[in-house]
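Proteins get letters first, then strands, A, B, ... in listed order; numbering begins at 1 in each. This is a predicted model, so every value here is computed, not measured.
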Amino acid sequence: MVRVRIAPSPTGSLHVGNARTALFNYLFARQNQGTFIIRMEDTDAARSSRESETSMLEDFQWMKMDSDEGPLQGGNFGPYRQTERLGLYSKYTQMLLNNNKAYPCFCSAEHLQEQREQKRSNNQPYRYDRACANLDADTVAKRIKQGEPYAVRLRTPQEHVVVHDIIRGDIQFETDSFRDFIIVRPDGMPVYNYVVAMDDHLMEITHVIRGDDHISNTPKQVLVYDALGFTVPKFAHIPMILGKDHAKLSKRHGDTTVANFKEKGFLQEALINYLALLSWSPKTEREFFTMDELIQEFQLESVSKSAAVFDVDKLKWMNGNYIRQMEPNEYYKRILDFVRASELFTNGHITESDIANEERFTKILLTVRDNLETLMDVGQYLQPFFTMPGLTKGINAELSPEAKEILELPTSKDVLEGFLSELKKVENEGNSDGNHDTDTYTDTYIDTYIDAQTYKGLTKIVQKNSGAKGKALFMTIRVGISGEHKGPDMAELVSLLSVAEMISRLDYTIANRL
RNA sequence: GUCCCCAUCGUCUAGUCAGGUCUAGGACACCGGCCUUUCACGCCGAUAACAGGGGUUCGAAUCCCCUUGGGGGCACCA
């Protein structure tokens, strides 16, 4: 039975590095019908917080890495917060003390610190001098009775220890550099390398899959397992994720938390897929995988040994692909939050009633979809459907050089005025045609729209009257209506804009921009 | 300083364990073209790497050694 765990410190948001480690654990657990456990290493009171824990758990949920045991749902091996486990350890410490596998050390922190600094300034490696290793039992008992503070040190008689790693093979360490390391501080607080070993054992963890920054901790943990008579779990140290500068990915590299990516409009599917491909790859050249497919394909043994640089560009590319492949309904559902978060919405250019007009709004959303790399991108592409720069305040009114150039063409005035008068004709016809709601005699104004075919017809007329054709014709209309030299397909844009709206935009352009 | 890990295009990687089929394959980005009277999408194409030096071998990206480079640890932090 496979049991794995992810053990983050709740000291901030879930980092993509941790997310990737969690993912490998998760995939390994699921493909082996194993158990995926979340354990909070929250003993650093100064930096840990419950809020952070909550947000991390939310991030795991968002990533669709559901845990089988953890601080929220509990389980048979709890508690799942280290601070709540503190009571479990003392009996093991007592046992080690009784067995003489550990001993009290009365050396003061200051004294040890001094020694360390001295060695360092001489460029010599520091080793504990084992001053308290062989005190006789009576002295020890007496000093303890007198209330003298002491730490507990683990005896490390072996000269070297071998760590068996699934990814890296056997790694040998000399114990010399950390001989007789401290396992419990004078205040009774057990030290990390001691606690993880016990926690992992008590939780019956079978495979410890974690970042390779833990490699040099591992021999200490192995020594703890041995001293306690516990069986050593299997280890798999996976490579770090690096930033562009090839240093360990951290906050100073910008967006590095799962929450960051979620906010920016990255899809959970894309993030998972991308993360899975850092330091791991399938045998085939396939790059797109759902979580279920990853569970099938993932091979812990084939995880690479070298670190990977996090490349947002590739993530964006992948994300764009996922956006385009989504079911339209799903797409609509998931993008709405980003529409409402956009400046167009907060500035009132897009309103709830625009969104409520589901048929039109869906069409608009679908026409901009190909442009998106992230869901957050919608805002910038939605603009032409709801406002024209300059027409309303708040959006920069400056025309791009390309757009200006187009309006400077000799035929521009004729084209715009011609198109405007054609639209006005349509609007008048529309009114007499009964496009208004004649049944109920309400005052509700119903917008008139033209379809793509009508639009084509109108451009023909304008072409004939103005003599402009090709770019001079179509691009002029585009700039006249949208204020931009690029944007959505004209036939689609025009069919999604009310005639009245186009008329007012053209009026503005003719009056202010020619 | 010391210990440990790592080393193929700018980036993610295949190939390394079982040496020849590798004039090193794919993907992202970049550049060029096609499609599109715009942008994007899509399609096609180009540039681009075995860190260096020694071995072993008929033959090395692949095995061995050294050097160099990068990363991580060396706490009474986790």
ring-ring contact (aromatic ring centres under 6.0 Å, His included) filter on A:Tyr103, not counting sequence neighbours, yields none
For this session: Indicate whether OP1 or OP2 belonging to B:C74 is found under 4.0 Å from a side-chain N or O atom of A:Arg127.
Result: no
By nearest-nucleotide position on RNA chain B, the 5'-leaning member of A:Asn217 and A:Met240 is A:Met240
A:Thr454 meets the side-chain hydrogen bond (donor to acceptor under 3.5 Å, both in side chains) criterion, sequence neighbours left out, with A:Asp451
What pairs of nitrogen or oxygen atoms, one from the protein and one from nucleotides 42-47 of chain B, lie under 3.5 Å apart?
none

Polar atom pairs (N or O), protein with nucleotides 34-39 of chain B, under 3.5 Å:
unit_1: B:U38; atom_1: O2'; unit_2: A:His485; atom_2: O; d: 3.1
unit_1: B:U38; atom_1: O2; unit_2: A:Gly487; atom_2: N; d: 2.7
unit_1: B:U38; atom_1: O2; unit_2: A:Gly487; atom_2: O; d: 3.1
unit_1: B:U38; atom_1: N3; unit_2: A:Arg478; atom_2: NH2; d: 3.0
unit_1: B:U38; atom_1: N3; unit_2: A:Gly487; atom_2: O; d: 2.6
unit_1: B:U38; atom_1: O4; unit_2: A:Asp489; atom_2: N; d: 3.3
unit_1: B:C39; atom_1: O2; unit_2: A:Asn371; atom_2: ND2; d: 3.4

Applying the 3.5 Å cut-off to both distances, the Watson-Crick or G-U partner of B:C31 turns out to be B:G45
Hits for side chain to side chain contact (heavy atoms under 4.5 Å, CB included) against A:Asp199, two or more places apart or cross-chain, chain-then-number order -> A:Arg39, A:Gln82, A:Arg85, A:Tyr89, A:Val195
Sorted by chain and residue number, the side-chain hydrogen bond (donor to acceptor under 3.5 Å, both in side chains) partners of A:His246 (sequence neighbours excluded) come out as none
**OP:** Please work out if A:Ser108 contacts a base, only the sugar-phosphate, or nothing of the nucleic acid, heavy-atom cut-off 4.0 Å.
**Re:** base
Dump every N/O contact between nucleotides 4-10 of chain B and the protein below 3.5 Å, one line per pair.
unit_1: B:C5; atom_1: O2'; unit_2: A:Arg168; atom_2: NH1; d: 2.6

Looking only at side chains, do A:Thr411 and A:Asp414 share a donor and an acceptor under 3.5 Å apart? no
A:Glu492 meets the side-chain hydrogen bond (donor to acceptor under 3.5 Å, both in side chains) criterion, sequence neighbours left out, with none
Is there a donor-acceptor pair under 3.5 Å between the side chain of A:Arg20 and the backbone N or O of A:Leu278?
-> yes
Sorted by chain and residue number, the ring-ring contact (aromatic ring centres under 6.0 Å, His included) partners of A:His485 (sequence neighbours excluded) come out as none
Numerically ordered, the residues 148-159 of chain A set in heavy-atom contact under 4.0 Å with RNA chain B is none
Hits for ring-ring contact (aromatic ring centres under 6.0 Å, His included) against A:Tyr194, two or more places apart or cross-chain, chain-then-number order -> none
A:Thr374-A:Asp377 side chain donor-acceptor pair, cut-off 3.5 Å:
yes
The ring-ring contact (aromatic ring centres under 6.0 Å, His included) partners of A:Phe288 (sequence neighbours excluded) come to A:Trp317, A:Tyr322
